[in-house]
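In what follows, a single structure is set out as structure tokens and then discussed.
Note on naming: letters A, B, ... go to the chains in the order of the sequence lines (proteins, then strands), and numbering restarts at 1 for each one.
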Amino acid sequence: MAKKNDKLMIIIAGLVIGVIAAGLSYLGNPKNMGFCIACFLRDTVGGLGLHRAAPVQYIRPEIVGIVIGAFCAAFAKKEFSSKGGSAPMTRFVLGFFAMVGCLMFLGCPFRMILRLAGGDLNAVVGLVGFVIGIFCGIFFLKNGYSLKRTYSLTKAEGFMLPIMEVVIFVLLLAKPAFLFFSEEGPGSMHAGVAFAICAGLIVGVLAQRTRLCMVGGMRDLVLFKETRLLWGFIAILVAALITNLVLGGFKLGMAEQPIAHTDGLWNALGMLLVGFACVLLGGCPLRQLVMSGEGNADSAVTVLGLMVGAAFCHNFGLASSGEGPTPAGKIAVIIGIVVVALIGVVNTYVKAEKTAAEAA
Amino acid sequence: MVDARGLSCPMPVLMTQKAMKSKEDYYEVLVDNKTPCENVTRFAESQGYKVAVEEKNGEYLLKISK
């Protein structure tokens, strides 16, 4: 296979995605939030009324675009296949706590890059936690962690989440009275629907073709000395940084960064939880959306876990705000790290005994 | 012979990496998804192996040789 070629491809894809992401903020999305899978799932859940935090309610077309873009790309390349059955409930729980971590930090790994590119130094602290979390996950991977295999499912199964996304998009266009739309706060800031859906579609297609993943880069570097995915990460950072500098979205510092807080310890611990959970899941929230589009029902369940996690975070005051983390949020992050570690232990060591018994 | 069907990355690559510790000249890896097929190929090539891929019924048999 052309090795140079696919490294070049992911760099180009990363550059395009970086420009689009920074550009979306310019077109109306919140600052340093051209894309944020966690925030956008949270806003969407709020738009549907599953949580009632008034500032963060809006159905984000970017999410719809990513899933449908990935779906189309996979379908065109005959890579779409309905699969599932690899520990769905475990994935749901991992997704749930990944979201708790994201909303402690205020961003998924994708937004962490965009925050870095906007000069938000709190994201550097987040990145440190993120890398530690990835190492925690790698420890279990190296010792045999696995959620067991998936199986082929009926074709309809793989269509479920993409169809749901289309329905949600139709709801956004129709704007029935039972939906919630923020009148102020981040939820009220958004690019035009046409821009947002197109941006999502492009990112979905590119991410599907290149297998882009924000945790995969660091993970593969450590496990296999493989740098391909990391180049995607770096390319997004560079492109978003340059776009921000050109469009005037760059502001270096820690204090008064847009939709961010300065509590270093909890920024780091939040992202630690995200990195840890995502390595055990096999991919960051963006990658989970893309794999849902490819027909992977386990990833679809993970996305539901993320969404339910977001609803819990805002119904029970676990999510941070610009003022900082909440006491309940801190407890939730600690519980999350413990639960994710237990999931790691159970699926690394307990499972090993069972396989031996199966062999006997 | 590594059977990594139904597993998503990085598991198939990890299994291949583990198998390759025995330093034999020939391995077969079976996967059922395009992504692990690419990743295992990339990894094997980085270890100085040559890879031939046979596809049938949505499964990929990777023949990895020195």
Spacing of [atom1] belonging to [X] relative to [atom2] belonging to [Y], to within rounding of 0.5 Å:
| X | Y | atom1 | atom2 | answer |
| --- | --- | --- | --- | --- |
| B:Leu7 | A:Thr150 | CG | OG1 | 7.0 Å |
| A:Glu226 | B:Ser46 | CD | OG | 7.0 Å |
| A:Leu141 | B:Met11 | CG | CE | 5.0 Å |
| A:Asp6 | B:Arg42 | CG | CZ | 4.5 Å |
| A:Arg287 | B:Thr35 | CZ | OG1 | 5.0 Å |
| A:Ser146 | B:Leu14 | OG | CG | 9.5 Å |

A:Phe135 atom CZ: more than 12 heavy-atom contacts under 6.0 Å: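 Open: at most 12 neighbouring heavy atoms sit under 6.0 Å from CZ of A:Phe135.
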side-chain hydrogen bond (donor to acceptor under 3.5 Å, both in side chains) pairs, two or more places apart, involving residues 6-21 of chain B: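 Sorted result for residues 6-21 of chain B: empty, none.
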When A:Lys83, A:Glu79, A:Lys77, A:Arg211 are compared by non-hydrogen pairs under 4.5 Å with chain B, the top option: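 Answer, by heavy-atom pair count under 4.5 Å with chain B: A:Arg211.
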Where A:Arg219 and B:Pro10 come nearest, the two heavy atoms and their spacing: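 Shortest heavy-atom contact: NH1-CD, 3.5 Å.
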Test side-chain contact (heavy atoms from CB on, under 4.5 Å) applied to A:Arg149 and B:Asp3, step by step: CA-CA 11 Å; A:Arg149 64 164 298 180; B:Asp3 181 359; 5.6 Å; no
Those residues that, when tested against A:Val339, pass side-chain contact (heavy atoms from CB on, under 4.5 Å) (two or more places apart):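 By the side-chain contact (heavy atoms from CB on, under 4.5 Å) rule, A:Val339 matches A:Val93, A:Phe97, A:Ile335, A:Ile343.
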